[in-house]
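Quick notes on the structure that follows.
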2 protein chains.
Amino acid sequence: MIRTMARSSGAELALLLLGGFHSMADEVHAELAHRGHEGVRPGHEFALRTIDAGADTASELGRRLSVSKQAAAKTIAALQQLGYVVRETDPDDARRKRVQVTPRGHEMMAIGGALFDEVRNRWAAQIGVRQLDALEGHLARLVERRPVSADDLARFDDGLREENRVAALDQNSQ
Amino acid sequence: MIRTMARSSGAELALLLLGGFHSMADEVHAELAHRGHEGVRPGHEFALRTIDAGADTASELGRRLSVSKQAAAKTIAALQQLGYVVRETDPDDARRKRVQVTPRGHEMMAIGGALFDEVRNRWAAQIGVRQLDALEGHLARLVERRPVSADDLARFDDGLREENRVAALDQNSQ
DNA sequence: ATAACTAGACAACCACGTTGTCTATCTCGT
DNA sequence: ACGAGATAGACAACGTGGTTGTCTAGTTAT
């Protein structure tokens, strides 16, 4: 009978990473609500950033965020509801609906970004700028070259990469 | 009109942290499924670890994970369904149902832990043990003393602390 | 012209969390 | 001894953010 083995430094590291993210996101979004952007949920902001960076259709947003186009469409609908984006049919391709960030959307991004930067600066002050730079550099390297898992190989893997995970394999129509 | 400002190093840091977590969790759970633990979802493993560490009732698990006791109860039900825990009424307190980790549960924890450790070791090999130690140390400090947000103060904040976030304020009965 | 691909909409579903309400049980102060 | 209050858990309704599957319409390539 296998005995306890409750602790795993690997698992603890994973929790630290998740905790770090939550720690930042919670604070930012609380403060964001405080400053006139109530309905915003973590994810909205990142999606908005991605749209602004050029992912101006639901399908493209889905690809960049590694979620299904349907999920991306729902996010866009939410952003539209909140007044952060508008959509209009692409004159050059009647299938597409081009998404555009509104001024209010840009404002939210600016405030959110500033808040995130604020947290980051506080962290830099706590552990030192060089340490934080190193931490980011390491994380970037670690996240970037995630080895393709055995299961991924079982399917047709195109080499698409985005944010942080291997591209969703778009089977059939979707 | 506010102009773009698409990049925010703070937001990027947040994404790196989240990406790091996903990178680990995805890999571990793919491999876990591969080794005879199919239904396991990230979260299940952490919950199981917490139970094994002494959170043997739904309410207590909820407190330690900073989720509602109802959410914790659902998780326990899932773990039970998967055969990782059993529940029996506490003879000393008929309200409580004590949760116990089964041998299969311990096996899953052991394998999962080993897999997480494996990823961590690979990271250590990539960036160096001392760098990884430093990274963890910093994260721990950063996560630990998350300043209480303005909104938290608006409510009665008891000083409870768990995993990584301020305790859920248990209003009314829940 | 037609076949193949692509964008988006819609529906059904699932995982995981939330609140609110209810009952059963325990604990403690008078 | 007992009644008030706290606590554990069950149940229901709901929200969010994903998933698949299916469908239509428009575009592209042969």
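Below, all heavy atoms of this structure are taken into account, side chains as well, without hydrogens, waters or symmetry copies. In this text, all values refer to a predicted model and were calculated from it rather than measured experimentally.
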Interatomic distance where [atom1] belongs to [X] and [atom2] belongs to [N] [whole Å]:
| X | N | atom1 | atom2 | result |
| --- | --- | --- | --- | --- |
| B/His22 | D/dG17 | NE2 | P | 14 Å |
| A/Leu18 | C/dC16 | CG | C1' | 14 Å |
| A/Lys74 | D/dT16 | NZ | P | 11 Å |
| A/Gln70 | D/dC23 | CD | P | 14 Å |
| A/Glu60 | C/dC5 | CD | P | 19 Å |
| A/Lys69 | D/dT22 | NZ | C1' | 11 Å |
| B/Arg41 | C/dC14 | CZ | P | 13 Å |
| A/Leu61 | C/dA9 | CG | P | 13 Å |

Side-chain donor-acceptor contacts of residues 72-88 of chain B below 3.5 Å, not counting sequence neighbours, with atom names and distances?
from: B/Thr75; atom 1: OG1; to: B/Ala71; atom 2: O; distance (Å): 3.2
from: B/Tyr84; atom 1: OH; to: B/His37; atom 2: ND1; distance (Å): 2.7

With a 4.0 Å cut-off, would you call [X] and [Y] a salt bridge?
| X | Y | value |
| --- | --- | --- |
| A/Arg96 | A/Asp93 | yes |
| B/Glu60 | B/Arg98 | no |
| B/Arg122 | B/Glu27 | yes |
| B/Arg49 | A/Glu12 | no |

Item to complete: Please work out if B/Ala71 contacts a base, only the sugar-phosphate, or nothing of the nucleic acid, heavy-atom cut-off 4.0 Å.
Response: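 Base, at least one base atom sits under 4.0 Å.
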Worksheet item: Taking only residues two or more places apart in sequence or in another chain, which ones pass salt bridge (charged side-chain N to carboxylate O under 4.0 Å, His left out) with A/Arg41?
Response: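 Salt bridge (charged side-chain N to carboxylate O under 4.0 Å, His left out) check on A/Arg41 returns nothing, list empty.
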Discussion item. Distance criterion of 3.5 Å, no angle test: do you see the side chain of B/Lys97 paired donor-to-acceptor with the base of D/dG9?
Written reply: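 When only heavy-atom distances are counted, B/Lys97 does not reach the base of D/dG9 through any donor-acceptor pair under 3.5 Å.
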Worksheet item: Can you list, by residue number, the residues of residues 81-96 of chain B that have a non-hydrogen atom closer than 4.0 angstrom to DNA chain D?
Response: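 Those residues whose heavy atoms fall under 4.0 Å from DNA chain D, taken from residues 81-96 of chain B in numerical order, are B/Arg87, B/Arg95, B/Arg96.
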Discussion item. Please report the interatomic distance OG(A/Ser23) to CG(A/Leu16), rounded to the nearest 0.5 Å.
Written reply: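 The distance works out to 11.0 Å.
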So, is [X] close to the [N] phosphate, meaning a side-chain N or O under 4.0 Å from OP1 or OP2?
| X | N | value |
| --- | --- | --- |
| B/Thr75 | C/dG17 | yes |
| B/Arg63 | D/dA8 | yes |
| A/Ser59 | C/dG8 | yes |

